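Here is the structure we will look at, set down as structure tokens.
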Amino acid sequence: MKKKKELKISRRTVMKGALAAGAMMSAGSIPSKLFAGEYNIPDPLKPLPTTGGNMRWIDSGDMKGVFWKKLFPEYAASRGITIEYDGLPWKEINKIVPIAIRNGTVHDVFQLPLGMDPGVAVAEGWVQPWDDYIENIDEWLAAFPSGVYLPGVNQFNGKTYGTCLTANKRTGTCLLYSEKYMSEAGYDPQAGRMTYSEIRDAAKKITKNGNGQYYGWIIGGNQVNRWEDVVHTFGQVGGAHSGRGGFTNRHINFQNGKFQIASDQYMEAVELLLQLKSDGSAFPGVMSMNAPQARALMPQGAAGMIFQGPWCIGVWGRDAPDWKYGIASEPVPDGKEAQPLYIAEGGSNTFWLSANSTMGPFAGDLIRFMGTEQGQIYWAQTVGAADPAVNPDAVAKAGLTGPSAQALSMFAENILVGPNPIVRNKDVGVVAAKSRVPDPSLALVIQGLYTGQLKGVEAQLKDCNQRYEDALDKAVEEARADGANVTRDDWVFPNWDVYSNYGAEKYQEL
Amino acid sequence: MHKKPLSKQIYDARWCYLFVLPCSILTGMFVIYPIGMSWYFSLLDWSGFTKEAKFIGLQNYYEAVNDEFFWDAFIRSFIFMFGTVPVKIVLGFIIAVFLNNQVLKLAPFFRTVIFMPVVTAIAIIGIVMTFVFSPFNGPANKFLMSTNLTSAPIDFLGNPDTVLPTVMGVYVWKWLGITMMYWLAALQTVPQDVYDAAKIDGAEGYRLWIHIILPIVLPFAIVIILVEAVGALNVFPLIETMTAGGPFFSSEVMEIYIFRTAFVTDSGTMPRLGYACAAGVFWGVAVLFITVLQGLWMRRTRRI
């Protein structure tokens, strides 16, 4: 019988191995090629600590979460660390992050709650700059399109505190529809932008065809921001030119610096929602479901239309790959031309590094990679139009097709860069920190009108508009009392041409 | 008789004080200190996590008592209490009377079944109930439709007229088991002799319960009502998971109001911990007032 060859490891071999491992560790990096996976993660530009550790990361999830859950294990293995990821809805981020900041347990990398002024985070010392952790940061920043990194938005005191990997050129209220139901109702949204009357009629017909099994339209009505998003964007499409973002931008017409909440266009948008309800076209139970629940019911055939964002594309592609749906621009009021939508300069999904974090070298290394063209291509290939990669070349090279590509082209066509008061005057950030959205907010007012608890659209929107004006006046007054050099005139941009981008040269003209 | 000086008295009882010390420290840390700090915070204009906190005296209180949403939530909390406590007390008593009967062989089984929701996590119940009462394929609506009790599904949690009664119903179901247990404990303090003597005297049926048993368990009833009333004013997790106070504040009770103002909301507003503390202190005092009233009622009942 042939003697089985034994694996003999001599003491010398062990020592050689140990020396090799030691040399590798002392070099400070583990070659990522050892960890073959879906992504080609390059070696770090400079040696990373060899002490390992656990990096905690929190963001608003959705398609970002899908991507991170694929990338993080590979990245963590290549760098000898672990990564704990929490992808949560904004509603939860808004609650968890402030509490975590308050008790000193915030994640290493996090997103600030909606509406919170980044300047406050920097001034309070909750965050630290990325400059020390992103190798050759100036060169890295230069690769981003202009207007993504701006003083007062994500850069403070000459340092970069917030990193953006995604563009904010998107809307969250596209018309997403069941191809089958819409075609049975006799409409094709791909033929051109639908009008309010057509939406209403299509919803009625779908409901009739559904005979109690499905309905014309659905919305996650207990997630109150959905009401505001729909009315705001529809109002803009109708011609109520206004900004987007936090309280100090949203709903404000920068031509005169006034809120647009009581405009005819907003009223028309609210009326459309009420008509969908009174027609019996709304899915029963919209008031007791949030946006993800409403979204999940679409592929189940519960409704024909939903006004939602491009993040549905990835989720539906994953959960219901055989379901046929279409995406189209927001509807327009009857007899009107669709008007542009506006975004403020800067990116989206800004990531902040906790001041207490000891994982900065790893977080910086990862963010740096994600900002490269290869990282952006990886991002675009998974996340698609849900959170478009900020690098347009990478998006082009990602080879997107279908609804994702269509959504991106739609956004490129419909969205312009509008003025941003904080870019003009950084003291607007102080006002943002002092601002309080008045109770009831526009979102709640629309919800109250929809449930019938509030009566009279015009009167309610006028009251609401006045509350917002008063709240901004008060915030400006308080900021001035604290020494901020700011007035309501900082919201007036007389040179704003609503049909063109508002760039750096426009700010210089002021 | 010569009285010892205080220091001597303390020294003599040093072991007693030593044993009380750990409890006192914990009470101070986790009860007294937070209460004291919430009073202090209520006098500040403070978001809760910025360095900037401005002393504004009683301005938060002034703002709270002038806020219609504060009073709506305040009143809604009491509607919740008055709508649930009597139902739980009466229903719990009736069930306890039945299950206290030794002849009923399945009593332990029923006790367990009724008690089961009590030990189930409240957040889980809240989430599950949103599915149960969903107008689309929810079992509650399926039942109503299949039995022709309704022709169209009811949006129990989305309709301002039905949301509060629905949540109250879930609350009663969830906590009925504990009320039943209180009553069972009370009923089991009634000696068997009393039942036997009553029967010899010809008191049976409702007479036995009204004239003999009820007066005996009445002091327990006062305590049960007190505990239940305070419990019904603390319903944050159930309402937050089922409705978060909506739609349009229809189910917003005081705890939800305080939570909403203490943290960032969907509208992206900055939190106001100082204001929330003022609302909380006001609310705490109101609850304390009710508790004191009930305590006085209990003492009076005992004297009778």
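First the proteins, then the strands, lettered A, B, ... as listed; each starts at 1. This structure is a prediction, so every number in the text was calculated from the model and none was measured.
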Does this structure show an ion pair linking B:Arg272 with A:Asp439, if we count only N-O contacts that are shorter than 4.0 Å? no
Identify which part of B:Thr243 has an atom lying under 4.5 Å from any heavy atom of chain A, answering side chain, backbone, both or neither. neither
Heavy-atom distances under 4.5 Å only: say whether A:Glu92 touches chain B with side chain, backbone, both or neither. neither
Chain B heavy atoms under 4.5 Å from A:Leu454: which part of the residue, side chain, backbone, both or neither? side chain
Flag the one option from B:Gly48, B:Gly246, B:Pro153 with the top tally of heavy-atom pairs under 4.5 Å to chain A. B:Gly48
Check B:Lys54 with A:Glu478, please: is the shortest side-chain N to carboxylate O separation under 4.0 Å? no
Select one option (side chain, backbone, both, neither) describing which atoms of A:Val445 are under 4.5 Å from chain B's heavy atoms. backbone
Toward chain A, the part of B:Asn141 with a non-hydrogen atom under 4.5 Å: neither
Do B:Phe248 and A:Met287 make a side-chain contact, defined as non-hydrogen atoms from C-beta onward lying under 4.5 Å apart? no
Using heavy-atom distances under 4.5 Å, tell me whether B:Ala152 contacts chain A through its side chain, its backbone, both, or neither. neither
Measure the shortest side-chain to side-chain distance between A:Pro440 and B:Phe249 over non-hydrogen atoms and say whether it is less than 4.5 angstrom. yes
Atom CG in B:Asp45, atom NZ in A:Lys434: separation rounded to 0.5 Å? 7.5 Å
Using non-hydrogen atoms only, which part of B:Phe156 is less than 4.5 Å away from chain A: side chain, backbone, both, or neither? neither
Are side-chain heavy atoms of B:Leu273 and A:Arg102 found at a separation under 4.5 Å? yes
Out of B:Gly138, B:Ala244, B:Ser134, B:Ser250, which one racks up the most heavy-atom pairs below 4.5 Å with chain A? B:Ser250
